[in-house]
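Following: one structure in structure tokens, then a few remarks.
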Amino acid sequence: MERDGNAWRLTDAGSAHLTRAFPGRPVTVFLTPNGCALWGLAEEAASVIDHGSVRLLLTSPPYALTTKKRYGNEVGQDYVDWLCSIIERLMPVMESNGSLVINLGDAFIRKSPTVSLYQERAIIALQDRLGLHLCQKLHWHNTSALPVPSRWVGVERVRLKSAVETLWWLSPEDRPYADNRNILQPYSDRMLELIAKGGAARSKRPSGHACREGSFSVDNGGSIAPNLFTIANSGDQSYTRSCRAAGLPPHPARMPIELASRLIKFLSRPEEVVFDPFGGSGSTARAAESLGRKWITTEALREYVEGAKLRFADELLPAAA
Ligand SMILES: C[S@@+](CC[C@H](N)C(=O)[O-])C[C@H]1O[C@@H](n2cnc3c(N)ncnc32)[C@H](O)[C@@H]1O
């Protein structure tokens with residue numbers, strides 16, 4: 001390990017010792033009352049998951065970065081083919097009215113302040129090759145994003161910091177299960193006032209939308225969430241502390257548990273199965289367990305599965321404790 005600002009980073013020499021799963025059947029590393037964490041390759045998960053059982057596949061695969069993370073990634077057309085072939089192999093585990101949410105972030109082209117279109121190419125290929133529908137583009141604004149890519153943002157000052165990622169919501173059918181009432185947001189003060197006074201006066205908005213007399217008078221328990229989730233990626237310190245104490249490398253690209261929680265609530269019901277084929281530090285698993293969903297993860301690097309286990313100190317089933 002070596003110092004990296006306020007954090008610790010695994011050196012390249014250290015990364016070489018991370019233990020990658022072999023091709024073959026995934027191995028169970030730990031179990032909880034609701035879930036199962038497997039050390040294994042995403043592309044082989046369909047051999048151990050009941051077909052037609054997954055309501056929500058929620059995942060953040062490696063992005064097509066030119067500056068690679070320690071777990072590596074493909075780039076260009078190889079990335080598109082790699083992602084499509086994994087999703088194709090996983091499709092049998094999906095319920096037909098289930099959802100796939102694939103979180104991807106921008107990748108800049110090597111030595112250029114321009115952005116790769118790998119996300120768009122991958123999603124078009126998923127539609128063309130596998131017939132998946134694009135239900136909606138959801139976005140995550142990471143309010144604690146660093147000013148990266150540092151050369152273009154911090155040094156040359158010619159780009160804005162990349163702080164928004166896309167959650168591509170796909171489905172085998174065009175009407176998968178979803179209920180936006182599960183993630184209502186608190187009303188604004190203005191909306192609370194409108195409800196209290198019996199709604200808005202009849203009006204025509206500049207956009208052309210007409211408002212009837214008394215519109216917005218009903219209290220529906222909260223306002224409908226927009227397709228932008230604004231969540232800082234700065235919490236999770238107990239996970240990093242536990243990893244360090246156990247001599248494990250903290251995962252370098254974690255999704256906030258709050259983000260996973262909102263998507264799970266929106267796109268699944270209690271007891272249904274949530275699956276993360278690129279499980280990483282177990283953020284999806286942790287959110288699913290807390291929300292009473294069944295869950296399964298696969299992760300290629302054993303140390304990350306061991307780190308994910310630390311998120312479940314009180315819930316491990318005895319055989320795995
Ligand atoms: C972006 S990270 C996921 C982070 C995760 N969402 C979290 O919050 O911790 C991608 C993960 O996929 C894993 N991975 C890469 N290729 C894989 C494969 N073929 N099968 C399973 N896991 C893989 C990497 O080791 C890495 O941990």
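Just so it is clear, the structure is predicted and the values come from calculations on it, not from any experiment. Residue indices begin at 1 and follow the sequence shown.
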### Query
Between the side chains of Gln119 and Tyr63, is a donor N or O closer than 3.5 angstrom to an acceptor N or O?
no

### Query
Cut-off 3.5 Å, side chains only: do Thr19 and Glu303 have a donor facing an acceptor?
yes

### Query
With a 3.5 Å cut-off and no angle check, do the side chains of Ser144 and Asn142 form a donor-acceptor pair?
yes

### Query
salt bridge (charged side-chain N to carboxylate O under 4.0 Å, His left out) with Lys294: which residues, sequence neighbours excluded?
Glu271

### Message
To the nearest 0.5 Å, what is the distance between CG on Asn34 and CH2 on Trp295?
### Response
9.0 Å

### Approximate separation, where rounding is to 0.5 Å, of Thr59 OG1 and Ile86 CD1
9.5 Å

### Query
Is the charged tip of Arg254 near the ring of Tyr239: under 6.0 Å from the six-membered ring centre and within 45° of its axis?
no

### Task
Output all residues satisfying salt bridge (charged side-chain N to carboxylate O under 4.0 Å, His left out) with Arg181, sequence neighbours left out; order by chain, then residue number.
Asp179

### Query
On the ring face of Trp39, is Arg302 found with NZ or CZ under 6.0 Å from the centre and within 45° of the axis?
yes

#### Entry: Salt bridge flag under 4.0 Å for residues Arg55 and Glu272
yes

### Query
Looking at Phe229, does the NZ or CZ of Arg262 lie under 6.0 angstrom from its six-membered ring centre and within 45 degrees of the ring axis?
no

## Note on the structure
Residues at least two apart in sequence or cross-chain that pass side-chain contact (heavy atoms from CB on, under 4.5 Å) with Glu88, listed by chain then number, are Leu130

